[in-house]
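Worksheet: the structure to be examined is printed underneath.
All heavy atoms count here, side chains included; hydrogens, waters and symmetry mates do not.
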Amino acid sequence: MFKSKDLLGIKELTSEEIYHILDTAAGFKDVLKRDIKKVPPLRGKTVANLFFEPSTRTRTSFELAAKRLSADVVNFSVPASSVVKGETLKDTALTIQALGADFVVIRHSSAGVPHFLSRIKNISVINAGDGANEHPTQALLDLFTIQSRKGKFRGLTAAIVGDITHSRVARSNIYALTKLGVKVRIICPPTLVPAEIGKLGVEIFDSMEKGLRKVDVIMMLRLQLERQSKGFFPSLEEYFNLYGLTAERLKLAKDDAIVMHPGPMNRGVEIATDVADGPQSVILEQVTNGLAVRMAVLYLLAGVKK
């Protein structure tokens, strides 16, 4: 059971809480295989999706998860909301609460916004991505996918490849994987290594050829071009030549290594098409698992006294 009414980040979760979420998600994945995929735990509850950044996968996944649990869902379009008229974030959240929402799922370009909103009582806040800080449900669905394929965490080695500096997915996964005993390597250009990353217990590589050797999991990241204020590499072509995941580079990993990507993919920039669509790719499986994990998160938070 969650100790908090909110899910703000992986950093705040214990390994026991993580395993509890994964176990609960396994049950909901079985529900999703039924002819009738709807169950009643959140009947009478309302989930408000408040996305200040573009999103397709995450927003749709949360919407479907809430509906599968029989909750009502309200999607707020920020460009059409009172935010553009000067309404503060706090007033927006209080308005949503006054309308009877029990959950707010929020994505925002500024780190810490979900933590700010969590001060409001009687409403559960779920972080769907805050700046370059965290994206906890993405890390949880990644863990669920790894567990489904590998059956364990301890003893595995995972390589996270790409734009580490600007990636909230990378941070959440580093917190999650290291908590569960996975050895984590990061592979990226020296210009995209965060200053504090060495304190998180990871190995740092600037070469795909060295970093991918004998790994069990390869987690590719999208280049966060919209968050980059200056050139961190000469060109996209040069980036793919040095850090793109090709079939030849995939051979450096273990024969049964899995390939992951949080999406959306930039084919030919981060990953070759034959690898993205190949037999070792679990990218679409991640999307399916995301629905079960987000159902689990909503279900467990619903049981916490607010």
Side-chain angles (χ1 to χ4, degrees), residues 1-33 37 39 41-42 45 47 49 57-71 102-107 114-115 118 123-130 133-154 156 158 168-182 184 217 219 258 260 262 282 285-306:
M1 182 64 69
F2 276 135
K3 298 173 185 176
S4 171
K5 69 178 180 65
D6 311 299
L7 177 61
L8 303 178
I10 297 295
K11 194 174 184 179
E12 290 88 350
L13 296 180
T14 65
S15 57
E16 290 77 14
E17 287 174 312
I18 292 173
Y19 276 117
H20 187 43
I21 295 168
L22 300 183
D23 290 343
T24 306
F28 282 122
K29 190 169 184 181
D30 288 337
V31 169
L32 295 173
K33 297 175 184 177
K37 300 175 176 64
V39 288
L42 264 61
K45 302 288 187 181
V47 177
N49 285 327
R57 289 165 180 77
T58 302
R59 186 186 61 77
T60 303
S61 183
F62 268 111
E63 182 176 357
L64 282 173
K67 288 180 176 179
R68 294 285 185 261
L69 293 169
S70 301
D102 302 280
F103 303 86
V104 169
V105 180
I106 184 163
R107 170 169 289 188
H115 298 74
S118 69
I123 194 166
S124 287
V125 176
I126 300 173
N127 182 359
D130 63 326
N133 180 36
E134 278 217 52
H135 191 350
T137 58
Q138 180 66 49
L140 289 167
L141 73 87
D142 290 343
L143 289 179
F144 188 61
T145 304
I146 294 169
Q147 186 181 56
S148 298
R149 286 299 187 112
K150 298 296 182 182
K152 64 175 184 176
F153 294 105
R154 195 163 297 279
L156 297 179
R168 52 197 173 206
V169 173
R171 280 173 176 74
S172 284
N173 269 296
I174 289 169
Y175 293 141
L177 292 166
T178 53
K179 280 176 192 271
L180 301 187
V182 178
V184 179
V217 178
M219 190 176 294
I258 59 173
M260 309 178 77
V282 295
E285 190 176 327
Q286 288 174 266
V287 176
T288 302
N289 289 338
L291 186 53
V293 164
R294 287 167 179 134
M295 288 175 72
V297 168
L298 287 165
Y299 172 78
L300 292 171
L301 287 178
V304 177
K305 291 184 179 179
K306 300 180 179 67

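Side chains of L301 and D6 form no contact here, defined as non-hydrogen atoms less than 4.5 Å apart. When side chains are defined from C-beta on, L13 counts as touching I21, because their heavy atoms get closer than 4.5 Å. Taking the side chain as every heavy atom from C-beta outward, Q147 and L22 approach each other to under 4.5 Å. Between S61 and V287, every side-chain heavy-atom pair lies at or beyond the 4.5 Å cut-off. The side-chain heavy atoms of L298 and K45, taken from C-beta on, include no pair separated by under 4.5 Å. With contacts defined as side-chain heavy-atom distances shorter than 4.5 Å, the pair Y175/V184 does not qualify. Counting only heavy atoms from C-beta outward, the side chains of F153 and K179 never approach each other to under 4.5 Å.
Residue H20 holds its NE2 atom at 13.5 Å from OG of S15, rounded to the nearest 0.5 Å. Expressed to the nearest 0.5 Å, how far OG1 of T145 lies from CE of M219 amounts to 8.5 Å. Note that CZ of F144 and OG1 of T24 are 10.0 Å apart. Values are rounded to the nearest 0.5 Å. Rounding to the nearest 0.5 Å gives a distance of 5.0 Å between CE of M295 and CG of L32. A distance of 14.0 Å separates NZ in K67 from CG in L42, rounded to the nearest 0.5 Å. To the nearest 0.5 Å, atom CG of residue D142 and atom CG of residue N173 are 4.5 Å apart.
No donor-acceptor pair under 3.5 Å is formed between the side chain of S124 and the backbone N or O of F103. With S172 contributing its side chain and V169 its backbone, the two residues share no donor-acceptor pair below 3.5 Å. The main-chain N or O of H135 is never found under 3.5 Å from a side-chain atom of Q138 such that the two would form a donor-acceptor pair. Without hydrogens or angle criteria, K5 side chain to I123 main chain gives a donor-acceptor distance under 3.5 Å.
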Determine whether L143 and L180 satisfy the following criterion, side-chain contact (heavy atoms from CB on, under 4.5 Å), listing intermediate values before the conclusion. CA-CA 9 Å; L143 289 179; L180 301 187; 3.9 Å; yes
Quick one, R294 with L141, criterion side-chain contact (heavy atoms from CB on, under 4.5 Å). Give me CA distance, side-chain angles, the key distance, then yes/no. CA-CA 8 Å; R294 287 167 179 134; L141 73 87; 3.7 Å; yes
Start with the C-alpha gap between E134 and H115, add the side-chain angles, then the distance that decides, and say whether side-chain hydrogen bond (donor to acceptor under 3.5 Å, both in side chains) holds. CA-CA 11 Å; E134 278 217 52; H115 298 74; over 6 Å; no
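Taking both residues in full, the closest heavy atoms of A139 and I10 are given as CB-CG1, 4.0 Å, listed atom of the first, atom of the second, then distance. Residues F62 and A128 share a closest heavy-atom pair of CE1-CB, 4.2 Å. Between L8 and P114, the shortest heavy-atom contact is CD2-O, 3.6 Å.
Residues passing the side chain to side chain contact (heavy atoms under 4.5 Å, CB included) test with V31 are F28, R34, V39, sequence neighbours excluded. In this structure, the salt bridge (Lys or Arg N to Asp or Glu O under 4.0 Å) partners of R59, at least two apart in sequence or on a different chain, are E63. Residues passing the side chain to side chain contact (heavy atoms under 4.5 Å, CB included) test with K150, sequence neighbours excluded: I146, L156, D216, D256, I258. For R149, the salt bridge (Lys or Arg N to Asp or Glu O under 4.0 Å) partners at least two apart in sequence or on another chain are E285. For A158, the side chain to side chain contact (heavy atoms under 4.5 Å, CB included) partners at least two apart in sequence or on another chain are L177, V182, V217. For R171, the salt bridge (Lys or Arg N to Asp or Glu O under 4.0 Å) partners two or more places apart in sequence, or in a different chain, are E196.
The side-chain contact (heavy atoms from CB on, under 4.5 Å) with V105 is formed by just one residue from the set I126, T137, V297, V125; it is I126. Looking at N127, T58, D130 one by one, the single match for side chain to side chain donor-acceptor pair (under 3.5 Å) with R107 turns out to be T58.
Counting heavy atoms of neighbouring residues, nucleotides and ligands inside a 6.0 Å radius, atom NZ of K37 exceeds 12 of them.
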